Protein chains: 2
Amino acid sequence: MDVLQELEREVAVFARRVEGARQSWQRHQDLDRSAYLILLALDNNGPMVVGQLANVFQLDISTISRQIAPIVGAGLVAKERDEIDKRQVRLSITPEGSAALEATRESRRQLYAELLADWSDDDKEQFLALLQRFNDRLRQRQQEQENR
Amino acid sequence: MDVLQELEREVAVFARRVEGARQSWQRHQDLDRSAYLILLALDNNGPMVVGQLANVFQLDISTISRQIAPIVGAGLVAKERDEIDKRQVRLSITPEGSAALEATRESRRQLYAELLADWSDDDKEQFLALLQRFNDRLRQRQQEQENR
DNA sequence: CCACAACTATTGTATTATACAACTGTCTTA
DNA sequence: TAAGACAGTTGTATAATACAATAGTTGTGG
């Protein structure tokens with residue numbers, strides 16, 4: 001068996017499946033994918049400007065600009081011009097945003113608890129470690145591609 | 001550290017990243033994602049009808065119907081009405097389709113060889129096994145959701 | 001046995017996520 | 001200080017998807 005080929009295939013299927021599952025998984029009150037990821041980033045890193053988010057997600061600034069509109073409208077993130085460089089727009093998570101993030105996070109944690117109910121702690125930790133390693137590698141590669 | 005929560009997050013990032021990487025990874029002659037996955041399925045399972053493919057990928061029949069048009073046009077899959085049930089359309093991979101699939105597969109195998117260059121064989125096998133297990137679980141869950 | 005309901009696939013239409021282009025306002029530098 | 005670089009927004013285009021309407025085919029209950 002060619003492990004690389006199998007892995008490649010499994011990753012392709014995985015991406016497709018996770019993507020497809022988005023709609024059906026999502027409970028009504030949950031944040032949608034882009035909002036969730038943006039709030040996660042702001043929660044993790046503290047306030048960020050639009051371009052930084054675009055960079056993190058490897059998306060066009062215009063895409064982020066559009067994705068933040070509804071979550072700013074909903075009061076989940078605050079938007080203010082940077083005082084030092086007035087071109088930039090600084091985004092920070094609000095208390096309401098934190099609450100919404102926590103709710104969605106909990107809802108998803110539940111889902112994963114169910115999905116991985118029969119996995120040993122060791123398996124879960126292994127999977128997490130390998131996924132993180134793979135993600136780091138992908139991030140690194142994307143950086144390289146930019147600087148070329 | 002909450003392993004489930006970390007895992008959930010890592011999966012979300014992973015899906016986003018793999019999705020985003022699609023364009024930049026894809027060499028010019030390679031099959032696009034939908035063509036690649038459809039040819040993989042036909043190669044694996046033998047001839048299938050449109051509805052079966054839709055079921056495998058959890059997509060609407062109309063979506064598959066549209067996705068097969070270009071690959072039929074390119075001669076990579078053959079399309080014929082089922083003789084027994086003339087409503088159905090039977091799809092099978094052609095020799096050209098097999099060749100195209102093999103080429104894309106090899107190109108991706110190369111990419112993965114590079115991405116995972118410093119992984120031990122053991123790590124790769126572990127990751128593959130865990131991914132497969134997770135994918136199986138997702139498939140199973142989607143089945144459950146349908147029958148409800 | 002046949003009319004009508006169910007099913008398969010296609011095509012029309014709408015939505016969503018995305019990128020690129022044009023533009024505005026701000027900054028930096030020669 | 002004028003010219004170019006930069007950050008973000010908004011307009012427009014494209015791609016992937018779902019749902020609705022339709023056409024052709026099959027199965028079934030009176």
Side-chain angles (χ1 to χ4, degrees), chain A residues 12-13 15-26 30-38 42 47-73 77-92 142 145-146, chain B residues 12-13 15-26 30-38 42 47-73 77-92 142 145-146:
Chain A
V13 169
R16 196 65 151 69
R17 210 171 283 280
V18 170
E19 184 62 13
R22 233 180 348 139
Q23 298 95 353
S24 51
W25 286 2
Q26 190 168 329
D30 283 358
L31 297 164
D32 69 19
R33 179 182 63 164
S34 66
Y36 180 60
L37 287 171
I38 288 171
L42 293 177
M48 301 174 78
V49 300
V50 178
Q52 286 178 315
L53 281 172
N55 195 46
V56 165
F57 298 126
Q58 300 289 310
L59 292 176
D60 194 87
I61 291 184
S62 69
T63 301
I64 299 293
S65 178
R66 289 194 156 93
Q67 290 181 348
I68 58 181
I71 52 185
V72 168
V77 315
K79 189 176 172 180
E80 51 183 348
R81 300 212 87 80
D82 187 299
E83 270 316 301
I84 299 145
D85 183 341
K86 298 207 189 63
R87 290 172 301 184
Q88 301 190 141
V89 170
R90 183 155 302 273
L91 304 166
S92 35
Q142 279 178 337
Q145 296 224 320
E146 264 166 37
Chain B
V13 169
R16 198 62 152 68
R17 210 169 283 281
V18 170
E19 183 63 14
R22 237 189 333 148
Q23 299 96 350
S24 50
W25 287 1
Q26 191 168 328
D30 283 359
L31 297 164
D32 69 19
R33 180 182 64 166
S34 66
Y36 180 61
L37 287 171
I38 288 171
L42 293 177
M48 300 175 78
V49 300
V50 178
Q52 286 177 315
L53 280 173
N55 195 47
V56 165
F57 297 124
Q58 301 289 312
L59 292 177
D60 195 87
I61 291 183
S62 68
T63 300
I64 299 294
S65 178
R66 289 195 156 92
Q67 290 182 345
I68 59 183
I71 52 186
V72 168
V77 316
K79 188 175 171 180
E80 53 183 346
R81 297 214 89 80
D82 187 298
E83 270 316 301
I84 298 142
D85 183 341
K86 297 206 189 65
R87 289 172 301 184
Q88 302 190 140
V89 169
R90 183 156 301 274
L91 304 167
S92 34
Q142 278 178 338
Q145 295 222 321
E146 265 167 36

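Everything quoted here is computed from the prediction, not taken from an experiment. Below, each value reflects all heavy atoms present in this structure, side chains not excepted, and no hydrogens, waters or symmetry copies. Chain A is the first sequence line, chain B the second, and so forth, proteins listed ahead of strands; every chain is numbered from 1.
- One atom, CG of A:Leu37, and another, P of C:dA17, lie 12 Å apart when rounded to the nearest Å.
- Among residues two or more places apart in sequence or in another chain, the side chain to side chain contact (heavy atoms under 4.5 Å, CB included) test is passed with A:Ala78 by A:Ser92, A:Thr94.
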Quiz item: For every nucleotide of nucleotides 10-16 of chain C, 5' to 3': is a protein heavy atom under 4.0 Å from its base (B), only from its sugar-phosphate (S), or from neither (-)?
Solution: BBBB---

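- Remark: B:Gln88 is not in phosphate contact with D:dT26, judged by side-chain N or O atoms under 4.0 Å from OP1 or OP2.
- Across B:Ala12 and A:Leu37, no two heavy atoms sit closer than the pair CB-CD2, 4.1 Å.
- Taking only side-chain nitrogens and oxygens, B:Arg33 comes nearer than 4.0 Å to OP1 or OP2 of D:dT17.
- Note: CG (B:Leu59) to P (C:dT8) measures 17 Å, nearest angstrom.
- Atom CD1 in B:Ile38 sits about 11 Å away from atom P in D:dA16, given to the nearest Å.
- In plain terms, the two heavy atoms of A:Val50 and A:Ser65 that are nearest each other are CG1-N, 4.3 Å.
- When the C1' atom of D:dT25 is taken as reference, atom CD of B:Glu80 falls 17 Å away, rounded to whole Å.
- Under the rule for a salt bridge (Lys or Arg N to Asp or Glu O under 4.0 Å), the partners of B:Arg87 that lie at least two apart in sequence or sit in another chain are B:Asp85.
- By the side chain to side chain contact (heavy atoms under 4.5 Å, CB included) test, B:Val56 pairs with B:Met48, sequence neighbours left out.
- Residues forming a side chain to side chain contact (heavy atoms under 4.5 Å, CB included) with A:Ser62 (at least two apart in sequence, or on another chain): A:Asp60, A:Arg66.
- Between the CG atom of B:Leu91 and the P atom of C:dT8 there is a distance of 14 Å, rounded to whole Å.
- Atom CD in A:Gln58 sits roughly 13 Å away from atom P in C:dC20 (whole-Å rounding).
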Atom pairs under 3.5 Å: protein N/O with N/O of nucleotides 26-30 of chain C:
residue : atom : partner : partner atom : Å
C:dC27  : OP1  : A:Ile84 : O            : 3.3
C:dC27  : OP1  : A:Lys86 : N            : 2.8

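- D:dA15 atom C1' lies 13 Å from atom CZ of A:Arg16, rounded to whole Å.
- Atom CG of B:Asp32 and atom P of D:dT14 are 17 Å apart (whole Å).
- In this structure, CD on B:Gln67 lies 8.0 Å from CZ on B:Phe57, to the nearest 0.5 angstrom.
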